[in-house]
Structures are given as structure tokens and as C-alpha cells.
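Beneath this line is the structure, given in C-alpha cells, with notes to follow.
Residue numbers start at 1 and run along the sequence shown.
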Amino acid sequence: MRHLVLALSFLLGMVFTALSQDTGQDTLLNFDDVVFTDGQDTSTEAGEDTLLEVPEDLEFTDGQDTAAVAAVDIPATTTDTPQSLWGIFVAGFLGGFLAILMPCIYPMIPLTVSFFTKRAETRDKGIQGALLYGLSIIVIYVALGLLVTVIFGASALNELATNGIFNLFIFAVLLVFGISFLGAFEITLPSSFVNTVDSKSDTNGLIGIFFMAATLAVVSFSCTGPIIGSVIVLVNQTGNYLGPVIGMFGFSLALALVFTVFAVFPNWLTSLPKSGGWLNSVKVVLGFLEIALALKFLSTADLVYHWRILDREVFLVLWIVISALVGFYLLGKIKLSHDSDLPYISLTRLFLAGGFFAFALYMVPGLWGAPLKVISGLIPPMHTQDFRVATFDQRPVAAGAGTATGMPAVKKYADIPLHVPNDIDGFLDYDEALKYAKQVNKPLFLDFTGHGCVNCREMENNVWVDPPIDNLLRNEYIVVSLYTDERHKLPEAEQFYSPVLERQVNTVGKKFMHLQASRFNSISQPYYVLYSPDEELLVSPPIGAEFNKQKFLAYLEQGLKTFNEKQAQ
């Protein structure tokens with residue numbers, strides 16, 4: 001989610017900066033027919049990591065708190081924390097501002113303002129109508145987010161995020177949306193439906209204003225659909241129950257603010273750049289970004305099914321090409337059939353093109369195994385890389401790591417293949433890890449993870465690799481990575497019915513999901529549990545994604561301290 005917010009922030013800043021530079025291109029609409037009135041009657045958003053001394057009163061809280069599980073109920077994914085909901089809101093809000101700059105919406109701003117200025121009898125009534133219009137936009141889009149939550153349910157949102165078939169479907173949808181933005185075809189709703197909704201907007205009063213807002217949503221679907229779809233899909237990756245509602249609230253609030261503010265202060269319209277060919281440029285750039293985002297979901301399906309068709313270097317090659325294409329497009333070296341003539345290259349386009357070329361060059365070392373921490377949560381994990389230059393691997397090699405006696409030479413599920421992150425010599429099955437932990441008398445670090453878990457990859461690539469943390473995981477804990485979305489079939493003798501999940505446990509992933517749900521009342525990932533060989537919690541509660549390295553290190557040290565105190569008793 002942090003990557004989504006950063007990406008949208010960059011693109012939003014890029015477009016707003018470009019507004020004043022590209023207004024000299026062909027004009028699609030001007031404001032000459034807008035009647036400006038005074039409101040009266042008218043007739044017409046540290047430092048170096050060191051080992052911490054854990055305070056006695058330090059309290060650990062779950063990064064993604066979970067609700068308790070009833071005896072036979074499917075557990076809720078997570079309780080929506082203020083931090084995660086705030087990130088979802090910001091992502092939706094930025095998405096709404098991007099939607100404003102689409103050719104289907106931007107030219108409608110002066111038309112809508114003209115509607116309110118001509119029909120308002122007094123300034124107060126004009127403001128009231130504008131506020132009701134903005135509120136109607138919010139109600140319509142929030143209802144859409146609520147519908148997504150009701151249809152899929154709390155637990156399904158988390159499971160869909162790592163479901164291979166669902167990710168393939170989303171890949172296809174985003175790919176179609178991206179190609180549409182590039183101008184291959186137009187995605188529209190049936191004209192009969194559009195006309196029906198539009199006819200209701202002529203009604204006087206609140207109902208007419210509501211249907212006018214509904215008309216905006218329907219008519220602009222070809223432009224807003226891909227953005228809304230991207231926001232909802234990426235929100236679902238977090239597994240938050242209220243995520244779709246909060247995301248759509250942020251999206252609709254951005255739209256409502258723009259239309260309402262200009263309806264209340266119509267004279268401000270004169271400061272807006274005229275709509276023209278630059279709007280199509282925004283749409284094309286978003287089309288490229290949609291295609292790049294689609295590859296992320298294809299990668300998730302590829303990891304779940306172990307196809308190995310989109311390994312890390314293949315994925316990076318595609319992203320490098322897409323980034324370079326955007327750069328060439330902004331420089332005018334690529335012109336699509338529906339683009340306007342570009343008489344000159346503005347400084348803004350030049351700098352933006354340079355930014356995309358710089359991003360492409362940044363990814364190039366990743367082809368040989370460079371960590372690329374900025375995008376590590378979005379690209380396939382390092383174990384899919386076919387070739388790595390040793391000098392890029394900067395993780396410390398712990399003395400004696402992986403040489404402990406009794407460590408199995410071949411671990412269960414390693415042939416699927418599954419992997420413990422960062423080449424840590426750990427386990428992939430809970431029972432096998434527990435047996436070894438009892439043998440060597442070390443605490444367990446349970447890593448409930450998933451192939452499609454973005455936050456899992458970000459934790460592994462940016463937090464786990466911190467030297468003090470890496471040392472503890474390699475030498476003081478028995479690490480066991482439990483993939484809850486692994487589809488490998490269990491032998492018939494190991495299958496069973498889970499009353500917690502209310503389904504048959506017939507895959508490796510469901511086996512570990514049942515373990516997490518039945519013992520820890522959670523099915524969110526990542527989920528980190530510090531467990532003793534006697535199967536007791538060393539630190540309560542377990543935690544989810546914690547990107548603060550010092551806090552995560554303190555969590556590990558507290559677990560080790562508790563374990564040593566128990567051994568001394």
C-alpha cells in the first residue's frame with residue numbers, strides 16, 4: 001500500500017505540474033458559455049540500527065489486530081488499524097484526483113458549474129445544491145465500496161488477494177483497461193442505461209441532483225473504471241474489511257471536492273488550463289501504468305502455481321521496457337493514433353521523461369541480482385532469480401549458520417518448491433520445525449506468509465536483512481515459513497475438515513491457514529509468532545507487518561529474553 005501511495009503521489013504531482021505547460025495544444029472545450037454569477041438571481045502527507053535494550057514495560061501491539069474466532073466461524077482477516085485505513089484513504093484520494101484529469105471528467109467541470117450557476121436563485125441555494133451534489137457523489141462511490149465488501153465478505157478479501165485464479169482474472173481486467181487507455185478501444189456502459197440515468201437528472205430538487213451525480217459516475221466510467229478497479233484490487237491486497245469502503249470514500253471525496261469548490265466559487269474556473277491534447281497524454285501514461293500493475297498480479301499467480309514464466313529478471317525486463325516507453329512517449333518519440341500534434345517539448349515533459357528513464361536504469365542492476373529495495377515488495381522474490389552476482393548480496397554470513405547438528409538435509413515441502421526467505425536455513429513445515437526446536441532447545445519464529453503477500457516481501461527485503469535482525473533469525477531462532485496460499489495437494493491421509501475455516505483442508509496452504517486461524521485467531525499475512533518448543537507464546541500478541549526495524553528487533557529480543565528466563569527457572 002505504501003508503494004501505491006508513493007506511485008500515485010508521484011503521478012499526481014507530475015500531472016499537476018504539467019498543467020500549465022501543455023495548455024497550448026488543441027482545445028476541446030472552453031469556458032465561454034459559462035455564466036458566472038455573484039450568487040444572486042439569474043435568468044439564465046533515522047539513524048543507524050543498533051541492538052536495543054528492551055524496556056520492562058514495553059508493550060507489543062499487533063500491526064494488524066485480529067478479531068477473536070468463534071468455534072465454527074471463519075475468522076475475520078484483520079481489524080482495520082488507523083494506520084492501514086489512513087493509507088487506503090490516501091490511495092483512494094489520490095486516485096480520485098487522477099480521475100479528475102481524465103478526458104471523460106475534466107471537460108465536465110465547467111458544464112456542471114454552469115448548471116448550478118444558471119439554476120440557482122440565490123447564492124445560498126447555489127451552495128446548497130453544490131454541497132448536495134458533492135455528497136451524492138460520495139454516497140454513490142461509497143455504496144460501490146460497501147457492495148464489494150458485502151459480496152466478498154471479510155475473510156474472502158484476504159484469501160482473494162493470494163488466490164491464483166483471482167489474480168489471473170485481475171491481470172486480464174487491468175490489461176484490458178490499460179490497452180483501452182492506450183486508445184485501442186473504449187469501455188462504456190450500455191447507452192440505454194446511460195440515457196435512463198441521465199433523464200432522471202432533469203428532475204427538480206434533491207432527486208435531480210442525485211441523478212446528476214449518478215450521470216457523472218456512469219458517463220465517466222470509461223475513464224474512472226480502471227482507476228477504481230485498481231484502487232479496489234490493491235486495497236483488497238491488504239485484507240482490510242473496511243478497505244473498499246474507505247478507498248471509495250477517499251476516491252469520491254476528491255471528485256466531490258473539485259466539483260463542489262468550483263460550483264461554489266465559479267470564478268476560479270478561469271485559472272484552470274483549457275482541456276486539450278494533454279488530457280489524452282495523461283490517459284496514455286496511466287494506460288502504461290495499468291499494464292505494469294497488471295504484471296504484478298500475473299506474477300502472483302505465477303508464484304502460486306510455480307509456472308516460472310515470470311521470474312524476477314523477466315518481470316524487471318518488462319517493467320524496464322514499459323518505463324522506457326513512457327519516457328519516449330513523453331518526449332514525443334512515440335505517437336498514438338489519437339494523439340494531438342506536439343509542436344514542442346516542454347521542460348516539464350522533459351524532466352518527467354528523464355524520471356521514467358532514471359527509473360528504468362535503476363531497475364537494470366536488478367537483472368543481475370541487485371536488491372532494488374524501493375520496489376522489492378512488488379517484484380518477484382529473489383529466489384526466482386536465475387542469475388545473481390555475489391557482490392550484490394550484502395547480507396551478513398552468520399558464523400556457523402546452517403551447520404547445527406541434526407538439521408535435515410532435505411526439508412519437507414522444499415521440493416514443491418517453497419523457500420525460506422533470504423536463504424535462511426529454516427523449515428517449511430511446522431511439525432518438522434517444532435521437532436528440531438525441541439532437539440536443539442531454541443525458540444521458534446513462525447512466519448505465516450504467502451506467495452502474493454506484498455507486505456511479506458517488503459518485510460523480508462527491507463527489515464529481515466538488517467544485520468542485527470538477520471543475526472537473530474539465523475542464529476537464535478528456528479525460522480519456519482508457512483505459506484498459507486500454497487495449492488500443493490496434501491496426501492489423502494493428511495487431509496481433514498477444519499471447523500474453523502468451515503472447509504476441507506486438502507492443500508498445504510489450507511493446512512497452515514488452519515494452524516494460524518485455530519491457534520492465533522488470524523488469517524492475515526504477514527503474521528509473526530515467537531513460540532517456545534513447548535508451544536507457548538513468548539511475546540503476546542504476535543505482530544503483523546512492522547516496518548520499523550527497531551521495533552521489530554525489540555520484538556525478537558523480547559521473545560529471546562522471555563525464552564531464556566523460562567529456561568533459567
* Inspect the contact between D423 and R474 and indicate whether a charged nitrogen and a carboxylate oxygen are less than 4.0 angstrom apart. => no
* Verify side-chain contact (heavy atoms from CB on, under 4.5 Å) between R457 and S376, making sure each step is shown before the conclusion. => CA-CA 7 Å; R457 302 294 86 78; S376 59; 6.0 Å; no
* Contact check, side chains of P443 and L560, non-hydrogen atoms, under 4.5 Å -> yes
* **Y477 (side chain) donor-acceptor with L556 (main chain) under 3.5 angstrom** => yes
* Asked: Do the side chain of Q516 and the main chain of S524 share a donor and acceptor less than 3.5 angstrom apart?
  -> yes
* Asked: Would you say the side-chain atoms of Q495 pair up with the backbone N or O of L490, donor to acceptor, closer than 3.5 Å?
  -> yes
* Under the salt bridge (charged side-chain N to carboxylate O under 4.0 Å, His left out) test, which residues partner D415, sequence neighbours left out? -> none
* More than 12 heavy atoms of other groups within 6.0 Å of Y413 OH -> yes
* Asked: Do K411 and D425 pass the side-chain contact (heavy atoms from CB on, under 4.5 Å) test, and can you show the C-alpha distance, the side-chain angles, and the key distance before you say yes or no?
  -> CA-CA 10 Å; K411 302 180 180 67; D425 195 9; 2.8 Å; yes
* Do the ring planes of Y527 and F520 sit parallel (below 30°), tilted (30 to 60°) or perpendicular (above 60°)? -> tilted
* Asked: Does any non-hydrogen side-chain atom of L515 lie less than 4.5 Å from one of F448?
  -> yes
* Structure fact -> Taking every heavy atom of G327 against every heavy atom of A353, the minimum-distance pair comes out as O-CB, 3.5 Å
* To do: With sequence neighbours excluded, tell me which residues meet side chain to side chain donor-acceptor pair (under 3.5 Å) with Y430.
  => R519, E535
* With a 4.5 Å heavy-atom cut-off, do L537 and P542 have their side chains touching? -> yes
* Asked: Which heavy-atom pair separates L378 from F315 by the least distance, and what is that distance?
  -> O-CZ, 3.9 Å
* To do: Just jot down the side chain to side chain contact (heavy atoms under 4.5 Å, CB included) partners of F351, sequence neighbours excluded, or say none.
  => L347
* Apply the test side-chain contact (heavy atoms from CB on, under 4.5 Å) to residues K296 and V454: give CA-CA distance (whole Å), side-chain angles for both, the deciding distance (0.1 Å), then the verdict. => CA-CA 10 Å; K296 167 65 182 75; V454 173; 3.6 Å; yes
* Can you check whether L482's main-chain N or O pairs, donor with acceptor, with T449's side chain at less than 3.5 Å? -> no
* To do: State whether the side chain of N422 and the backbone N or O of E460 hold a donor-acceptor pair below 3.5 Å, judged by distance alone.
  => yes
* Just say parallel, tilted or perpendicular for the rings of F552 and Y555, cut-offs at 30° and 60°. => tilted
* Structure fact -> CD (E486) and CG (L428) are apart, to the nearest 0.5 Å, by 10.0 Å
* Measure the shortest side-chain to side-chain distance between L289 and I322 over non-hydrogen atoms and say whether it is less than 4.5 angstrom. => no
* Step by step, work out the side-chain contact (heavy atoms from CB on, under 4.5 Å) result for L444 and Y436. => CA-CA 10 Å; L444 285 160; Y436 181 74; over 6 Å; no
* Asked: Taking S498 for the side chain and R503 for the main chain, is one N or O donor matched with an acceptor at less than 3.5 Å?
  -> no
* To do: Could you grab the distance from atom NZ of K549 to atom CG of D466, nearest 0.5 Å is fine?
  => 4.5 Å
* **Closest non-hydrogen atom pair, L473 against V479** => O-CG2, 3.4 Å
* Structure fact -> All heavy atoms of F563 vs all of N441, minimum pair found to be CZ-O, 3.4 Å
* Structure fact -> Between the CG atom in L434 and the CG atom in D429, the distance rounded to the nearest 0.5 Å is 10.0 Å
* Taking the side chain as every heavy atom from C-beta outward, state whether I469 and P467 have any atom pair closer than 4.5 Å. => no
* **4.5 Å side-chain heavy-atom contact, Y528 and L446** => no
* For K566, salt bridge (charged side-chain N to carboxylate O under 4.0 Å, His left out) partners two or more places apart -> E536
* Asked: Considering all heavy atoms of both residues, which atom of A294 and which atom of L174 are nearest to each other, and what is their separation?
  -> CB-CB, 3.7 Å
* To do: May I ask you to test the F445-I478 pair for a side-chain heavy-atom distance under 4.5 Å?
  => no
* To do: Drop me the distance from L316's CG to L372's CG, to the nearest 0.5 angstrom.
  => 6.0 Å
* To do: Indicate, with yes or no, if the rings of Y362 and W319 have centres closer together than 6.0 Å.
  => no
* Flag, side chain of S252 to backbone of M248, donor-acceptor distance under 3.5 Å -> yes
* **Rounded distance [0.5 Å steps], CG in L168 versus OH in Y305** => 6.5 Å
* Please confirm whether the backbone N or O of N475 pairs with a side-chain atom of K442, one donor and one acceptor, at under 3.5 Å? => yes
* Asked: Of all residues at least two apart in sequence or in a different chain, which pass the side chain to side chain contact (heavy atoms under 4.5 Å, CB included) check with N548?
  -> E546, Q550, K551
* Can you name the closest pair of heavy atoms from A517 and V500 and give their distance? -> CB-CG1, 3.7 Å
* To do: Name all residues meeting the salt bridge (charged side-chain N to carboxylate O under 4.0 Å, His left out) criterion together with E432; count only those two or more places apart in sequence or in a different chain, and write none if there are none.
  => none
* Determine whether the aromatic ring centres of Y141 and F249 lie less than 6.0 Å apart. => no
* Asked: Is S518 reaching over with its side chain to a backbone N or O of H514, donor-acceptor style, under 3.5 angstrom?
  -> yes
* **Pairwise side-chain contact, S481 with F427, heavy-atom cut-off 4.5 Å (strictly under)** => no
* Test log, rule side chain to side chain donor-acceptor pair (under 3.5 Å), inputs K511 and T507 -> CA-CA 6 Å; K511 171 185 174 181; T507 66; over 6 Å; no
* Run the ring-centre check on H306 versus H451 and record whether the distance is less than 6.0 Å. => yes
* Does the gap between the ring centers of F97 and F93 come in under 6.0 Å? -> yes
* Asked: How many angstroms lie between CG in D534 and NZ in K438, if you round to the nearest 0.5 Å?
  -> 7.0 Å
* **Donor-acceptor contact below 3.5 Å, side chain D302 vs main chain L298** => no
* Charged N-O contact under 4.0 Å between R308 and D386 -> yes
* Asked: Between Q385 and D311, do the side chains contain an N or O donor and an N or O acceptor separated by less than 3.5 Å?
  -> no
